[in-house]
Amino acid sequence: MAAVGLLYVGAVLFVNGLMLLGRVTPQGAAPLNLFVGVLQVLTPTYLIIFAAGDISQIILAAGLYFFGFTYLWVGINSITGWPNHGLGWFSLVVTVSAIGFAVHSWVALDDAVFAVLWSMWAVLWFTFFVLMALDKADLGPAVGVLAIGNALVTTGIPGFLILAGWWPTSPALAVAIAVIGLLLLVLCRPLGRALACHDTPSNTGPASAPAAH
């Protein structure tokens with residue numbers, strides 16, 4: 001179930017990245033955010049109900065709720081035009097929580113790959129916080145590039161590989177993903193400037209923001 005969620009989160013992160021680059025309108029991205037947001041709320045609920053006391057499944061489900069709430073909030077704000085500062089501060093809560101899940105994956109689950117993935121999601125949500133809560137609209141295109149990179153590296157591709165049974169959990173994979181994440185951080189500003197649609201005024205927020213897992 002969680003892998004299915006990852007696959008579709010890749011799609012919504014990709015579209016939200018295009019939104020931040022000014023190539024998709026907030027209203028145009030709203031339906032997908034709502035669809036995936038609902039999925040990311042129903043999935044953890046299912047996992048908790050059928051976890052049979054398995055604490056690892058319950059912890060995983062707890063993390064998924066954060067992302068589901070993010071996408072629902074993005075979709076609602078994109079339709080209503082409500083201000084995004086609340087979503088920005090919520091993104092800071094998600095950032096701190098993702099760091100905790102990264103540590104848990106590393107220490108309790110001995111899963112270096114998901115420790116790296118959670119760390120990358122923490123960085124991405126922190127950029128959402130800066131973009132929306134601190135009104136740094138000029139960072140929108142750079143955050144859009146980060147969102148698209150995460151859509152491929154941390155959600156869409158892993159989700160498909162896990163479903164197909166081809167997911168190679170190993171320290172080497174963790175290092176490779178971490179290197180890609182660092183490259184994304186270094187290159188997001190110049191790539192954002194190059195890929196941004198300058199004919200469309202940039203927005204701050206879900207209308208120009210969003211999410212992972």
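FYI, the numbering just counts along the sequence from 1.
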*Answer yes or no: are there more than 12 heavy-atom neighbours, outside Tyr65 itself, under 6.0 Å from its atom OH?*
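Counting neighbours around OH of Tyr65, more than 12 heavy atoms of other residues, nucleotides or ligands fall under 6.0 Å, so yes.
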*Scan side-chain atoms only and decide if Tyr8 and Thr155 contain a donor-acceptor pair under the 3.5 Å cut-off.*
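No, Thr155 and Tyr8 have no side-chain donor paired with an acceptor closer than 3.5 Å.
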*asked:* Angle between ring planes, Phe90 versus Trp73, binned at 30° and 60°: parallel, tilted or perpendicular?
replied: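 Tilted, since the angle between the ring planes falls between 30° and 60°.
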_Side-chain (Thr127) to main-chain (Leu124) donor-acceptor, under 3.5 angstrom_ =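 Answer holds: yes.
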_Please check: side-chain N/O of Asn77 versus main-chain N/O of Pro83, any donor-acceptor pairing under 3.5 Å?_
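Checking the backbone N and O of Pro83 against the side chain of Asn77, a donor-acceptor pair under 3.5 Å is found.
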When you group the ILVMFWY residues by side-chain heavy-atom contacts below 4.5 Å and let the links chain together, are [Y] and [X] in the same group?
X	Y	value
Trp118	Ile157	yes
Leu152	Leu182	no
Val143	Leu134	yes
Val4	Val41	yes
Leu195	Leu139	yes

Less than 4.5 Å apart, side chain to side chain, heavy atoms only: is that true for [X] and [Y]?
X	Y	result
Val94	Phe129	no
Leu13	Tyr71	yes
Ile177	Val113	yes
Val116	Met120	yes
Met19	Pro26	yes

*By ring-ring contact (aromatic ring centres under 6.0 Å, His included), which residues pair with Phe66, not counting sequence neighbours?*
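Phe66: no ring-ring contact (aromatic ring centres under 6.0 Å, His included) contacts found.
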Working to the nearest 0.5 angstrom, can you tell me the gap between [X] [atom1] and [Y] [atom2]?
X	Y	atom1	atom2	answer
Leu39	Leu34	CG	CG	12.5 Å
Phe67	Leu72	CZ	CG	14.0 Å
Phe101	Trp121	CZ	CH2	10.5 Å
Ser78	Asn16	OG	CG	7.5 Å
Ile55	Ile59	CD1	CD1	4.5 Å
Leu18	Thr25	CG	OG1	11.5 Å

_Derivation of the side-chain contact (heavy atoms from CB on, under 4.5 Å) call for Val145 and Leu187_ = CA-CA 9 Å; Val145 170; Leu187 298 175; over 6 Å; no
Nearest non-hydrogen partners of [X] and [Y], listed with the distance:
X	Y	value
Cys197	Arg23	CB-CG, 3.8 Å
Leu184	Gly149	CD1-CA, 3.8 Å
His85	Met132	CD2-O, 3.4 Å
Ser119	Ala115	OG-O, 2.8 Å
Ala51	Ile58	CB-CG1, 3.9 Å
Asn150	Thr154	O-OG1, 2.7 Å

*Verdict with reasoning, Leu21 to Ile148, per side-chain contact (heavy atoms from CB on, under 4.5 Å)*: CA-CA 10 Å; Leu21 289 169; Ile148 290 172; 3.8 Å; yes
*Which residue, Val74, Ile76, Val15, Val38, forms the side-chain contact (heavy atoms from CB on, under 4.5 Å) with Asn33?*
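For Asn33, the side-chain contact (heavy atoms from CB on, under 4.5 Å) check succeeds only for Val74.
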*Check which hydrophobic residues are tied to Val107 through side-chain heavy-atom contacts below 4.5 Å, counting indirect links as well, and list them.*
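Same cluster as Val107: Val103, Trp106.
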*Return the set of residues passing side chain to side chain contact (heavy atoms under 4.5 Å, CB included) with Leu183 (not counting sequence neighbours), or none when no residue passes.*
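Val179.
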*asked:* Quick one, Leu64 with Leu47, criterion side-chain contact (heavy atoms from CB on, under 4.5 Å). Give me CA distance, side-chain angles, the key distance, then yes/no.
replied: CA-CA 10 Å; Leu64 294 179; Leu47 290 173; 3.9 Å; yes
*Could you please spell out the steps behind the side-chain contact (heavy atoms from CB on, under 4.5 Å) verdict for Leu87 and Trp82?*
CA-CA 10 Å; Leu87 177 55; Trp82 290 345; over 6 Å; no
